[in-house]
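Predicted model, so just to flag it, every value in this text is computed and none were measured. As the structure lists them, so they are numbered: ligands from 1, and atoms in each ligand from 1.
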Amino acid sequence: MNVLLIGASRGIGLEFARQYIDAGDRVIATARDAEGLQRLQDLGAQTMKLDVSDPASISSLSWKLDGEKLDLAIYIAGVFSTEGALSPPTQQSFDRLLHTNVLGAMQAIPQVAPWVEEAGGQFAFITSDMGRIGGVSGSRGWLYQVSKAALNMAVVAAQPDYPRAGFVLFHPGWVQTDMGTAAAPLHVEDSVSGMRRTLLGLKGAPKPPQVPFLNWDGAAFTTW
Ligand SMILES: NC(=O)c1ccc[n+]([C@@H]2O[C@H](COP(=O)([O-])OP(=O)(O)OC[C@H]3O[C@@H](n4cnc5c(N)ncnc54)[C@H](OP(=O)(O)O)[C@@H]3O)[C@@H](O)[C@H]2O)c1
């Protein structure tokens, strides 16, 4: 399989790279700094330098992928902040969260989805259950909640434009990474192997009418 991982310098993305390379797949992985690129090269990935929050940086993605047939692409890059609704968000904080979590994905979709369509492949996006609108109990992570809800909409709305690719939204669980912290109950190896298994199961199945929004273990969510 040809696999593209966007935002794979550490955490869930790096683990996807490790597991797909171990399985014998060809991995093209992006990171925004030299240390991240080196970690991916050490695993055996082909790398691209990419800052998803910078449209100038991400604008070269399509021609860098020219001619590729991607069986799977995963948009993983994301940032978190704890700020809530008791104070106004700063412009800087808003831009950091929304540019990375939403704008980057919206820049990536038109540049990557055609190469996924070439292989009749899958395009997965790592969102969060914090982007669900139903059952919200408070505003801790307000900007993050808004960004992941917006990501969900961006993905669902774009899918009909790329009918030969299968889009998928994943909540990876609460995972032990820099973002998830050591307090998280789920090991990154288990989250990633669960998502890989779920993607494999979806591959041969008829394409559902709605973009699936799935937990790491394949259980279904609703976006509302
Ligand atoms: N961990 C959890 O419990 C959890 C739960 C729900 C959803 N998620 C989602 O899962 C995804 C991965 O999170 P993680 O837990 O692996 O977090 P992480 O360990 O903090 O890793 C975040 C990744 O995103 C990359 N990234 C951030 N801003 C970027 C930018 N502007 N351009 C390119 N890459 C950028 C980081 O690269 P750098 O090394 O360059 O910063 C890093 O590779 C995120 O979308 C997150 O929202 C995580």
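Not a single heavy atom of His99 sits less than 4.0 Å from an atom of ligand 1. Contact between Tyr144 and ligand 1 is present, with at least one heavy atom of the residue lying under 4.0 Å from the ligand.
The list of side chain to side chain donor-acceptor pair (under 3.5 Å) pairs with a residue in residues 188-197, not counting sequence neighbours, reads Gln19-Arg196.
Side-chain contact between Leu199 and Leu72 is present, with heavy atoms from C-beta onward closer than 4.5 Å. Side-chain atoms of Gln122 and Leu202, non-hydrogen and from C-beta on, do get closer than 4.5 Å to each other. Residues Thr198 and Phe170 have side chains in contact (heavy-atom distance under 4.5 Å, counting atoms from C-beta outward). Proximity of Leu5 to Val3: side-chain heavy atoms (C-beta onward) are separated by under 4.5 Å at one or more points.
Heavy-atom contacts from other residues, nucleotides or ligands closer than 6.0 Å to CE of Met179 number more than 12. The 12-atom threshold is exceeded at NZ of Lys64, counting heavy atoms of other residues, nucleotides or ligands nearer than 6.0 Å. Counting heavy-atom neighbours within 6.0 Å of Phe80 CZ, excluding the residue itself, gives a total above 12. Surrounding CD of Gln210 are at most 12 heavy atoms belonging to other residues, nucleotides or ligands under 6.0 Å away.
For atom 14 (P) of ligand 1, the closest non-hydrogen atom on the protein side is Thr177 OG1, 3.6 Å. In this structure, atom 17 (O) of ligand 1 lies nearest to the protein heavy atom Met179 CB, 3.4 Å. In this structure, atom 26 (N) of ligand 1 lies nearest to the protein heavy atom Ala77 CB, 3.9 Å. Annotation: atom 2 (C) of ligand 1 to nearest protein heavy atom, Val175 N, 3.6 Å. Nearest protein heavy-atom contact of atom 20 (O) of ligand 1 is Arg10 NH1, 3.1 Å. The nearest heavy-atom contact from the protein to atom 32 (N) of ligand 1 is Val52 N, 2.9 Å. Distance from atom 31 (N) of ligand 1 to its nearest protein heavy atom, with residue and atom name: Asp51 OD1, 2.8 Å. Atom 9 (C) of ligand 1 has Ile126 CG2, 3.6 Å as its closest protein atom, hydrogens excluded (heavy atom only).
Near Gly11, meaning under 4.0 Å from one of its heavy atoms, ligand 1 places the atoms 16 (O), 19 (O). Interface atoms of ligand 1 facing Trp174, defined by a heavy-atom separation under 4.0 Å, are 3 (O). Annotation for ligand 1: atoms under 4.0 Å from non-hydrogen atoms of Gly78 are 22 (C), 24 (O), 27 (C), 44 (C), 45 (O). Close approach of ligand 1 to Ser53 (heavy-atom distance below 4.0 Å) involves ligand atoms 31 (N).
Between Arg32 and ligand 1, at least one pair of N/O atoms sits closer than 3.5 Å. Among the atoms of Asp33, none of the N or O lies under 3.5 angstrom from an N or O of ligand 1. Residue Gly13 places no N or O, backbone or side chain, under 3.5 Å from any N or O of ligand 1. At least one N or O atom of Ile76 sits closer than 3.5 Å to an N or O atom of ligand 1. Among the atoms of Ser128, none of the N or O lies under 3.5 angstrom from an N or O of ligand 1. Considering backbone and side-chain atoms together, His171 places no N or O closer than 3.5 Å to any N or O of ligand 1.
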Practice task
Apply side-chain contact (heavy atoms from CB on, under 4.5 Å) to Glu83 and Tyr144, showing your working.
Solution key: CA-CA 9 Å; Glu83 299 144 273; Tyr144 185 76; over 6 Å; no
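A side-chain donor-acceptor contact under 3.5 Å links Thr30 to the backbone of Gly7.
The aromatic rings of Phe167 and Tyr162 lie parallel to each other, their planes meeting at an angle below 30°, with 60° marking the opposite boundary.
Both Tyr75 and Met48 belong to a single network of hydrophobic side chains, linked directly or stepwise wherever heavy atoms of I, L, V, M, F, W or Y lie under 4.5 Å apart.
In this structure, of Gly173, Ala8, Ser9, Pro172, the residue bringing a heavy atom nearest to atom 39 (O) of ligand 1 is Ser9. Comparing heavy-atom distances from atom 33 (C) of ligand 1 across Thr127, Val188, Leu50, Asp178 singles out Leu50 as nearest.
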